[in-house]
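Accompanying notes for the structure given below.
Quick caveat, the model's predicted, so the values are computed rather than measured.
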Amino acid sequence: MLGLSGAACAAELAGAPLTPPPVSAAPPPRTALRIGQAPPEWLGLDRNGRSLQVGQYRGRALLVVFWAGWCGQCRSELPLLAALHRGFGRERLAVVAINHAESRQDFDAFVRLNPGLDFEFVHDPGTVARHYGVRAVPQVFLIDAQGRLTHQQRGYSPEKIDALARELRGLLPSTGRRD
């Protein structure tokens with residue numbers, strides 16, 4: 001897997017495209033999502049070919065995470081998101097990890113080499129990302145139990161994970177567990 005140069009990291013955080021836009025007749029990218037909006041419903045196909053929809057996660061919080069295996073920030077962030085997932089529990093929090101524009105071979109290899117990441121994984125050639133307005137990774141969208149966007153972040157830092165955990169604590173009802 002490729003490393004990310006300093007210039008590429010800076011471009012990534014600034015929101016510059018990671019790859020040249022594909023030449024197609026696809027609809028233009030959706031404008032940026034705003035807090036309180038309903039996100040696009042379709043999340044892609046899981047590894048078994050089943051269609052994933054935001055609506056199937058109603059009643060619990062949903063983290064939609066856009067990542068790539070070559071992205072160092074993504075490789076640092078995903079294990080921490082897995083720890084949040086375990087800590088809050090599947091009954092209260094779901095995670096859909098959407099691989100952004102990598103080859104299927106690289107996607108499959110990454111998932112196979114990271115069995116501790118217990119997420120719903122989606123391979124996306126760019127369609128879902130375009131509808132979410134994603135142009136750089138990592139990017140996280142937190143959707144509440146009613147299907148509304150409550151938090152979003154681009155880039156990775158321990159402080160951003162802490163902010164996400166605080167947002168989740170305020171959003172999720174207590175189950176008597178210590179989170």
Side-chain angles (χ1 to χ4, degrees), residues 1-47 51-54 57 61-82 84 94-111 114 117 119-144 147-164 167:
M1 300 207 189
L2 301 174
L4 202 58
S5 71
C9 280
E12 176 181 352
L13 290 174
L18 296 176
T19 58
V23 178
S24 71
R30 184 177 167 146
T31 57
L33 293 174
R34 292 186 305 273
I35 300 301
Q37 276 187 314
E41 184 65 22
W42 194 60
L43 297 169
L45 301 176
D46 72 8
R47 295 185 72 210
S51 181
L52 299 180
Q53 309 283 327
V54 169
Y57 299 100
L62 171 63
L63 281 177
V64 177
V65 182
F66 289 87
W67 64 279
W70 53 261
C71 169
Q73 289 185 9
C74 300
R75 290 192 315 265
S76 296
E77 181 180 63
L78 287 171
L80 297 177
L81 295 177
L84 284 177
V95 178
V96 175
I98 302 175
N99 178 262
H100 179 57
E102 281 191 294
S103 74
R104 184 65 191 221
Q105 182 180 1
D106 288 347
F107 165 75
D108 288 337
F110 182 88
V111 172
N114 292 279
L117 301 177
F119 306 139
E120 293 279 359
F121 279 101
V122 171
H123 178 257
D124 178 34
T127 305
V128 178
R130 186 172 42 254
H131 290 286
Y132 270 77
V134 171
R135 295 173 34 150
V137 294
Q139 195 157 348
V140 175
F141 296 87
L142 175 58
I143 301 164
D144 69 14
R148 299 286 175 199
L149 181 67
T150 63
H151 180 90
Q152 64 181 355
Q153 65 190 38
R154 182 185 304 159
Y156 160 78
S157 73
E159 295 79 19
K160 288 182 178 186
I161 297 297
D162 289 343
L164 180 60
E167 183 76 24

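Under the ring-ring contact (aromatic ring centres under 6.0 Å, His included) criterion, H123 pairs with F107, sequence neighbours left out. Not counting sequence neighbours, the partners of D144 by the side-chain contact (heavy atoms from CB on, under 4.5 Å) test are Q146, R148, T150, L171. Residues satisfying the side-chain hydrogen bond (donor to acceptor under 3.5 Å, both in side chains) criterion with S76, sequence neighbours excluded, are absent altogether.
The two atoms that bring L52 and W42 nearest to each other are O-CD1, 3.6 Å, heavy atoms only. The shortest non-hydrogen separation linking Q139 to A136 is OE1-O, 3.4 Å. Between L142 and L63, the shortest heavy-atom contact is CD1-CD2, 3.7 Å. Across all non-hydrogen atoms, the minimal contact from K160 to Q153 is O-OE1, 3.2 Å. Contact detail for P39 and L33: the closest heavy-atom pair is CB-CD1, 4.2 Å. Nearest heavy atoms, Q152 versus F141: OE1-CE2, 2.9 Å.
Ring geometry, W67 versus F121: the interplanar angle exceeds 60°, so the pair is classed perpendicular (tilted spans 30 to 60°). Using a 30° and 60° split on the angle between ring planes, H100 and F66 fall in the perpendicular class, above 60°.
Note that CD1 of I143 is 11.5 Å distant from CD of Q37, once rounded to the nearest 0.5 Å. The CZ atom of F119 sits 12.5 Å away from atom CD1 of I98, with the distance rounded to the nearest 0.5 Å. Between the CG atom in N99 and the CG atom in D106 there is a gap of 8.5 Å [rounded to 0.5 Å].
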Trace of the side-chain contact (heavy atoms from CB on, under 4.5 Å) decision for L81 with L164: CA-CA 9 Å; L81 295 177; L164 180 60; 3.6 Å; yes
S103/Q105 under side chain to side chain donor-acceptor pair (under 3.5 Å): CA gap, chis, key distance, verdict: CA-CA 5 Å; S103 74; Q105 182 180 1; 5.2 Å; no
Stepwise side-chain contact (heavy atoms from CB on, under 4.5 Å) check, L62 with L43: CA-CA 11 Å; L62 171 63; L43 297 169; 4.1 Å; yes
Stepwise side-chain contact (heavy atoms from CB on, under 4.5 Å) test for Y156 and I161: CA-CA 8 Å; Y156 160 78; I161 297 297; 3.8 Å; yes
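In this structure a side-chain-to-backbone donor-acceptor pair under 3.5 Å is missing from E77 to P138. A donor-acceptor pair under 3.5 Å is formed between the side chain of Y132 and the backbone N or O of P40. With hydrogens and angles disregarded, a donor-acceptor distance shorter than 3.5 Å links the side chain of D124 to the backbone of A129.
For the pair N114/L78, no side-chain contact is recorded, criterion being any heavy-atom separation below 4.5 Å from C-beta on.
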